[in-house]
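Lettering of chains follows the sequences in order, A, B, ..., and the numbering in each one begins at 1. Keep in mind that the numbers below use all heavy atoms, side chains included, and drop hydrogens, waters and symmetry copies. Because the structure is a prediction, the values reported are computed rather than measured.
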Number of protein chains: 2
Amino acid sequence: MAGAPVPDIVVGRLPLYLRALVQMGDEAKEVTSSQQLGDRLGISSAQIRKDLSQFGEFGKQGTGYNVAFLIGQLKRILKVEKIWDVALVGVGDLGRAVAHYAGFIDRGFRIAALFDSDPAKIGTRVDDLLIEDTGTMVESIRARGLKVAMLAVPARGAQVVAEKLVEAGIQAILCYAPTSINVPANVRVQYIDPVLRMQQMTHYL
Amino acid sequence: MAGAPVPDIVVGRLPLYLRALVQMGDEAKEVTSSQQLGDRLGISSAQIRKDLSQFGEFGKQGTGYNVAFLIGQLKRILKVEKIWDVALVGVGDLGRAVAHYAGFIDRGFRIAALFDSDPAKIGTRVDDLLIEDTGTMVESIRARGLKVAMLAVPARGAQVVAEKLVEAGIQAILCYAPTSINVPANVRVQYIDPVLRMQQMTHYL
DNA sequence: GCATGTGAACGGATTCACAGCG
DNA sequence: CGCTGTGAATCCGTTCACATGC
């Protein structure tokens, strides 16, 4: 049922479905149902069926969903069939950890460029990847045509860097800096701040 | 207006408000309004007022909110006035990065115990903190009375470890493992999986 | 005047429940 | 019979708009 605008909250669940399906595939499961998938994820089967139905009819009545097929469809919808080259800005402790994280490549992302403003770091390498100057970042990102970036600078500098990323043509930013950033509506931002999640939980203790 | 059950989605925004207010405090701002706060965060002022009103009347009509006072109230509500001692399970690359992350202590959390199942790591230290055996984890966590844990083991092992944490009396788990875990309803889980966020964004590119 | 706190109105998301089909 | 896909119904969250009070 393509055509109508799909709610963002639905798109946000698709990666979760994909992750669970890949696990099922690893377990040599060939077919599954909305019920099984929901049980794994703590989501109702109706929710899953409705979400998927926004993009097409992927299941068979009485049978369920073919795991490999649905994985393929979700990858297509999420545009992660190919690997995205990503720029990483900020190579402090956090940025280094992100750069070393092995979990990206299998799921659609490769860190392809590093940037920092510290002269002591510029020109050095992290795993064979050169750290470039943020002063020349805009041109460098433009030249490579990168569309996705990760932000791992201190909160203070995040807004300024974000604006440069937008200027460079970046359209999606994963922000590890513990602050909100303001960007034009056509640029997507997602935040990773573990402390927010921790503080949410402690309320209930 | 305490008494009624507050929606989880509201509790989830409070840490965001707290973070922005602390920033304002750092900027020596003494008073703010729901409008100002909302502009920073990309949230409507009505939303912020309604969220806060769930817990009391913290503002003054015609004036707004006292920043320091509201920070104190939010810390109280979120129970982060004191520092929580946290167990970290899994001291691989990811776990080490989490252990080194300097952003926890200022915001209510201290990593106070490390666990791993690798004999080569057990008994060694990370920043003066001993890595203990997961085999003796349940007793160790119980003995210290820890209530909060972070999970940084491979996806495969996450469920088993989660069950041990529950057995040990842990009531809140921050899960860095890229998988869903099932725990009793009285235990809270929050997930950090940057790839999910990335895949959500690429859909729109 | 200005900004909060809040009932009422609205809109959107989830769940229900079943027709349809393998 | 089993499970999907989906309109209808329900539930929940957000926004509106204004009375209240500094």
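- The 5' end of DNA chain C is approached more closely, in terms of each residue's nearest nucleotide, by A:Ile9 than by the other of A:Ile9 and A:Arg49.
- At a threshold of 4.5 Å between non-hydrogen side-chain atoms, the residues B:Trp84 and A:Thr202 count as touching.
- Rounded to a whole Å, the CG atom of B:Asp51 is 7 Å from the P atom of D:dT14.
- Residue contacts for A:Ser34: at a heavy-atom cut-off of 4.0 Å it reaches the sugar-phosphate backbone alone, with no base atom in range.
- The nearest whole Å value for the distance from the CD atom in A:Gln35 to the C1' atom in D:dG5 is 15 Å.
- Applying the 6.0 Å contact sphere to CD of A:Glu30 captures no more than 12 heavy atoms from other residues, nucleotides or ligands.
- One atom, CG of B:Asp8, and another, P of D:dT14, lie 12 Å apart when rounded to the nearest Å.
- Rounded to whole angstrom, the span from the CD atom of B:Gln54 across to the P atom of C:dT4 amounts to 16 Å.
- Nearest-nucleotide positions on DNA chain C for A:Pro7 and A:Lys60 put A:Pro7 closer to the 5' end.
- In this structure the side chain of B:Tyr101 never reaches within 4.5 angstrom of the side chain of B:Ile111, judged on heavy atoms.
- The nearest pair of heavy atoms linking B:Ala99 to B:Leu114 is CB-CD2, 4.4 Å.
- At a cut-off of 3.5 angstrom, counting only N and O atoms as typed in the model, there is a donor on one side and an acceptor on the other between the side-chain of B:Lys50 and the base of D:dT15.
- Between the C1' atom of C:dT6 and the CD1 atom of B:Ile48 lies a distance of 16 Å, rounded to the nearest Å.
- Rounded to an integer number of Å, the gap from A:Arg13 CZ to C:dG12 C1' is 12 Å.
- Between B:Leu70 atom CG and C:dT4 atom C1' the separation is 12 Å, expressed in whole Å.
- Rounding to whole angstrom units, CZ of residue B:Phe58 and P of D:dC22 are separated by 18 Å.
- Under 3.5 Å, the side chain of B:Gln47 and the base of D:dT14 form no donor-acceptor pair of N or O atoms.
- Annotation: B:Asp8, atom CG; neighbour count of heavy atoms from other residues, nucleotides and ligands within 6.0 Å is above 12.
- Here A:Ser44 does not reach the OP1 or OP2 of C:dT14: none of its side-chain N or O atoms lies under 4.0 Å away.
- Not one side-chain nitrogen or oxygen of B:Tyr65 sits closer than 4.0 Å to the OP1 or OP2 atom of C:dC2.
- Minimum heavy-atom separation, B:Val126 to B:Arg96: CG2-NH2, 3.9 Å.
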*asked:* Test salt bridge (charged side-chain N to carboxylate O under 4.0 Å, His left out) on B:Arg40 and B:Glu27; report intermediate values, then the result.
replied: CA-CA 13 Å; B:Arg40 287 212 182 197; B:Glu27 297 162 13; 2.6 Å; yes
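- Between its opening and closing five pairs, the helix from C:dG1-D:dC22 to C:dG22-D:dC1 changes axis direction by 10°, a value rounded to 10 degrees.
- In the set C:dT15, D:dT15, C:dA3, C:dA3 carries the atom at the smallest distance from any side-chain atom of B:Ser33.
- Using a 4.0 Å heavy-atom criterion, one finds that A:Leu52 contacts no nucleic acid atom at all.
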